[in-house]
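Chain naming here is simple, since letters A, B, ... match the order of the sequence lines and numbering starts at 1 in each.
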Amino acid sequence: MAKILIADDAQFMRMLIGRILRENGHNIIGEARNGEEVVELYAKLRPDLVTMDVVMPKMNGLEAIRKIISFDANARIVVVTALGQEAIAFEAVKAGAKNFVVKPFKQEEVLNAVQKSLTL
Amino acid sequence: MNEMDEYKQLFLNELNEYVESLNTLVLDLEKDGSNIPLAEEVMRIVHSIKGMAAVMEYQSLADITHELESLLSSEIESGKVSSALIGPLFVYIDKLQEFAQLLEVGDDISGVDMGDLLEQVANLEALRLNLGKRLEILVRFDPQAQMKNVRAYMVLQNLEAISKVLSSNPTKERLEAGAVFEELAIEIMTKEDEEVVRNNILAATDVIGVSINYFSTEIEEDVEEETRAITSREIQTVRVSLRDLDIVMNLLGELMILRGSLSTIIDKTVGGQADSLSRIDNLIFEIQEKILSMRMVSLEHILSRFPRVIRDLAYSEGKKIDLQMIGKHIELDRSVIDPLNEILLHLVRNAASHGIESPEARMASGKPEVGKIRIIARQERDGVQVDVEDDGDGIDMDAIRQKAIELGLAEPNQSLSRMELTRFIFSSGFSTLDESDKVSGRGYGLNIVSRRLDEINGSITIRTKKGVGTNFSIKLPLTIAIQQALLVEVDRQKFALPLNNVQTVLLVEKEKVIQQANRRAIVLRGELIPVIKLSYALHQGDAEYIQPNELADKEIVVVWEKGVHKLGLIVENLLGQRDIVIKQLDAVTSTVRGFSGASIIDEGEIILILDPQAIADAYA
């Protein structure tokens, strides 16, 4: 049971990820539609974990990761990236993301990445 | 030579021997760091160097050696020499070599900068003191996993939070560059428990296996024995400079000349041959043979450095290369060994950096990930053949053709055989690579190869197939001190012609010598070969203007060839072929064109050895 913040500009993805996590006992404490919102919400809500889309308006995911890590070095961030975006995935990991899932993903993949990141 | 110089020479000799042994030992140690007897042998040598350096008052060398020795000693205690120490050890060996080179020419050794090495060693020491135990980890990923490289990268990054990562294969950089791998091998130092390390790794998704090993301290006995054998063998050899051997050889030559005049005196006074004279002949012959055999050096002498060269190259270029060497025991004359070393080095480096592809490219084209380079030496009847072959990408003949046209060596529409194309590779300034890289591909590599080969009377052939590999095959004479020669007579004087470039000897009728422009030529199997009269050439006369009445009805023509050049030499008499010992001409006589050396044949008669290349050049 963890407090999770979801960041994605697509409502469909927020719903999908949210449902998978809720069905498995997690508590979705917030949803952000862009990089700025997620940084702001993170500071306010102090979630146990963030799922972060990379391509988002205003501030992209990579920058948001860096911002969040800069005030919480132990932040647990799971990046949601797309097939073929390997370079972005590398950048996200370098920026401090603890794990990542590749779209299109299976339900277990999201769960797995979240659970494992929570052990760190 | 004063006392100090003498010590310096001894120090140098030993240092050079140590460098050679260290190179081999450390390479083996890299493959198996838990081989403690091997590590102890390395430490023994390092210890000896420390002692010598201190006595000779080379303080910087003594200091760094001391540091390395204590590091080695604590590593040996821990049961394994970590791969993190291997790099600095190799750097150390290189420093030793630099040191020896500077000492060879003078006493100023300030040019060897130990700074970077000191730093590396200091880092290692800090590491040992602070970071607990060393673990060797293998991580396997789900073969179906997406972005496996990013996951592996993540594992390394997560580990960095709880340990010091000493090394990994692939490295982070290589992972980012898209390295293809099956397992991620990591070496770390950590104070954390194994369980913590395991969980840290398992936090990455798609990890399906983690195995963690402590370093063990098993001792392999056979290795110990091998080391002992090496040590006892070393004691039985002494170093003799090549110059000393040359001096002995020259003295022997003088002995032969004296023997000649002695024989004349005996002839006049006693009449007939004396028994003791023929015994002297036998002795001289035996001594000559012995000296020549002392000049023989096994190929191992140069090949022992190659694994190191390939290791460093493969490492810096991110390639996987397996180097095999066959026929290391084969011996060659010392004078051939050094040029051969340079030749092989060029070829092997070329093979490694231009032939062998990256592991990714190899796997993409269905080849094994690890590229193979083989150096194969074999003894042939009249010399030694050394092949350097790789299973790399082969030479692109179309690129060669393009380049040849660009350089103006060939016409755009000219049809060129593979043979002709491969010959271009050896021209100077010829490289199909645009940028010059670290080691080879500067465009003059193969040009050097062909020049060095000329010096030692060697030849080379290339076979290559795009995508399959390349084979360079070198043929070398056993020694260049002894050559087979054809003895000819011109103006009642004897000369020797090196036989390896004699294509054939012909008896040519006067009418068959045709006039072409104002030169003479003969036709041999449809090929026009220029002919000159050797006696004219030697007298610096106008050899090409041969008047018909100056030709005998039948002339003896020795057809000489080298590469594409052919030349017919008219001689007066053939005296047969024989092995001659070549003596270099001194500074004065060597400026006379047309001769490459001198030799002493029976009864101490001195004959000059012709250099047809120089003669051909003069009449080209």
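The number of heavy atoms from other shown groups lying within 6.0 Å of NZ (B:Lys148) is above 12. Remark: B:Met363 CE is packed, more than 12 non-hydrogen atoms of other residues, nucleotides or ligands lying under 6.0 Å away. A 6.0 Å sphere centred on NZ of A:Lys103 holds more than 12 heavy atoms belonging to other residues, nucleotides or ligands. In this structure, A:Arg33 places its CZ atom where only 12 or fewer heavy-atom neighbours from other residues, nucleotides or ligands lie under 6.0 Å away. By the neighbour-count criterion of 12 heavy atoms within 6.0 Å, atom CZ of A:Phe12 is sparsely surrounded, having that number or fewer from other residues, nucleotides or ligands. For B:Lys466, the NZ atom counts as densely surrounded, since its 6.0 Å shell holds more than 12 non-hydrogen atoms of other residues, nucleotides or ligands.
Looking at B:Ala204, the atoms closer than 4.5 Å to chain A (heavy atoms on both sides) all sit in the backbone: N, CA, C or O.
Ranking A:Asn99, A:Val101, A:Val102, A:Asn112 against chain B, the residue ahead of the rest is A:Asn99, based on heavy-atom pairs under 4.5 Å. Per-residue heavy-atom pair counts under 4.5 Å with chain A were compared for B:Asn158, B:Val150, B:Asp206, B:Asn149, and the maximum is reached by B:Val150.
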TODO: Step by step, work out the salt bridge (Lys or Arg N to Asp or Glu O under 4.0 Å) result for B:Glu176 and A:Lys94.
DONE: CA-CA 11 Å; B:Glu176 224 183 325; A:Lys94 278 192 215 166; 2.6 Å; yes
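Nearest approach of B:Met147 to A:Gly84, heavy atoms of both residues: CE-N, 4.1 Å.
The side-chain heavy atoms of A:Phe100 and B:Thr205, taken from C-beta on, include no pair separated by under 4.5 Å.
Expressed to the nearest 0.5 Å, how far CD of B:Gln146 lies from CZ of A:Phe105 amounts to 11.5 Å.
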